[in-house]
**Student:** 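Quick one: the structure is below, questions incoming.
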Amino acid sequence: YNLQIGTENQFMLDFGLFPNPTDTLTLIPFENSFHERYNRFPLEDVTDSGYGSEENYRFMDENGIEAYVKYNFFHKEQRADKYVTNPFKQENLYYNKEKDYYVCPMGQHMERTGVRHSRTESGYVTESIAYSVARCEGCPLRCMCFRSKSQRRTIEVNHRLKEYKQKARERLTSEKGIKHRRQRCIEPEAVFGQIKYDMGYKRFRHFGKDKVTMDFAFFAIAFNIKKMCAKIKNQKMTDK
Ligand code: SF4
């Protein structure tokens with residue numbers, strides 16, 4: 001099972017067991033499970049890039065959850081100057097939103113040439129728009145611009161995802177976002193570390209989802225009680 005946990009101050013607030021190995025598809029059912037438990041959605045979500053899909057961003061946006069959720073390439077964007085300044089990268093091409101065209105590095109307009117819809121594993125439909133230049137023959141920048149053997153460069157843009165990523169980038173690089181990112185390594189990751197290495201809970205001791213859920217639920221209750229006791233003890237010591 002793919003075990004998901006939600007934590008705050010290293011207390012486990014919720015957990016979920018999923019059959020799918022990737023994290024992307026677990027976010028929405030996990031948020032819904034949180035809602036069932038607490039009759040509300042969390043105010044903020046802080047996750048790594050495995051959860052940064054259009055479908056997930058949209059869900060969080062529509063349910064008032066502030067998303068501090070990374071997407072693929074977030075770290076690359078932050079670290080690599082070449083990535084940010086490369087004028088050939090699709091993300092760095094100028095876009096005229098009003099007239100809906102891109103401008104290639106040689107100054108040609110890339111006009112809208114098509115729309116592609118695709119369905120994710122969960123059935124969510126995404127929309128990408130294709131933009132192409134009229135021609136690339138004879139362009140001196142051709143060898144640096146794109147690799148395909150096509151006669152002209154075409155790019156595909158998912159505008160909705162682009163906007164969600166922009167919002168996520170602003171949040172993640174804000175003062176609060178940086179604090180959350182720092183905190184994340186000592187939140188669920190630390191809890192997983194304590195579960196696996198301090199407490200030796202590396203394997204479920206039952207088969208079947210119901211039994212495994214029961215197994216982990218007891219463990220989570222015990223884990224939280226242990227945390228609470230340690231907290232009370234520390235508090236008493238600092239009060240002395
Ligand atoms: S190769 Fe085509 S898309 Fe690239 S810069 Fe030249 S004209 Fe523009």
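Because only heavy atoms are used, hydrogens play no part in the values below, and waters and symmetry mates are left out as well, while side chains stay in. What you see is a predicted model, and the numbers here were worked out from it, not measured in a lab. Positions are given from 1, in the same order as the sequence printed here. Both ligands and their constituent atoms are indexed starting at 1 by order of listing.
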**Student:** Applying salt bridge (charged side-chain N to carboxylate O under 4.0 Å, His left out), can you list everything that pairs with Arg147, at least two apart in sequence or on another chain?
**Tutor:** none
**Student:** Excluding sequence neighbours, so at least two apart, what forms ring pair (Phe, Tyr, Trp, His ring centres under 6.0 Å) with His206?
**Tutor:**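 For His206, no residue satisfies ring pair (Phe, Tyr, Trp, His ring centres under 6.0 Å) once neighbours in sequence are set aside.
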**Student:** How would you list, by chain and number, every residue that makes a ring pair (Phe, Tyr, Trp, His ring centres under 6.0 Å) with Phe59, sequence neighbours excluded?
**Tutor:**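 Scan of Phe59 (ring pair (Phe, Tyr, Trp, His ring centres under 6.0 Å), adjacent residues dropped) gives Phe41.
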**Student:** Check for me: within less than 2.8 Å of atom 2 (Fe) of ligand 1, which protein N/O/S atoms show up?
**Tutor:** Cys136 SG
**Student:** Quick one: which of Lys227, Glu187, Lys231 gives a side chain to side chain donor-acceptor pair (under 3.5 Å) with Gln10?
**Tutor:** Lys227
**Student:** Check Asp23, Val46, Thr22 against Tyr51 for a side-chain contact (heavy atoms from CB on, under 4.5 Å) and give me the one that passes.
**Tutor:**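 Going through the options one by one, the only one that passes is Asp23.
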**Student:** Regarding Arg160 and the six-membered ring of Tyr164, is the cationic atom NZ or CZ under 6.0 Å from the ring centre and inside 45° of its axis?
**Tutor:**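 Cation-pi check for Arg160 and Tyr164: fails.
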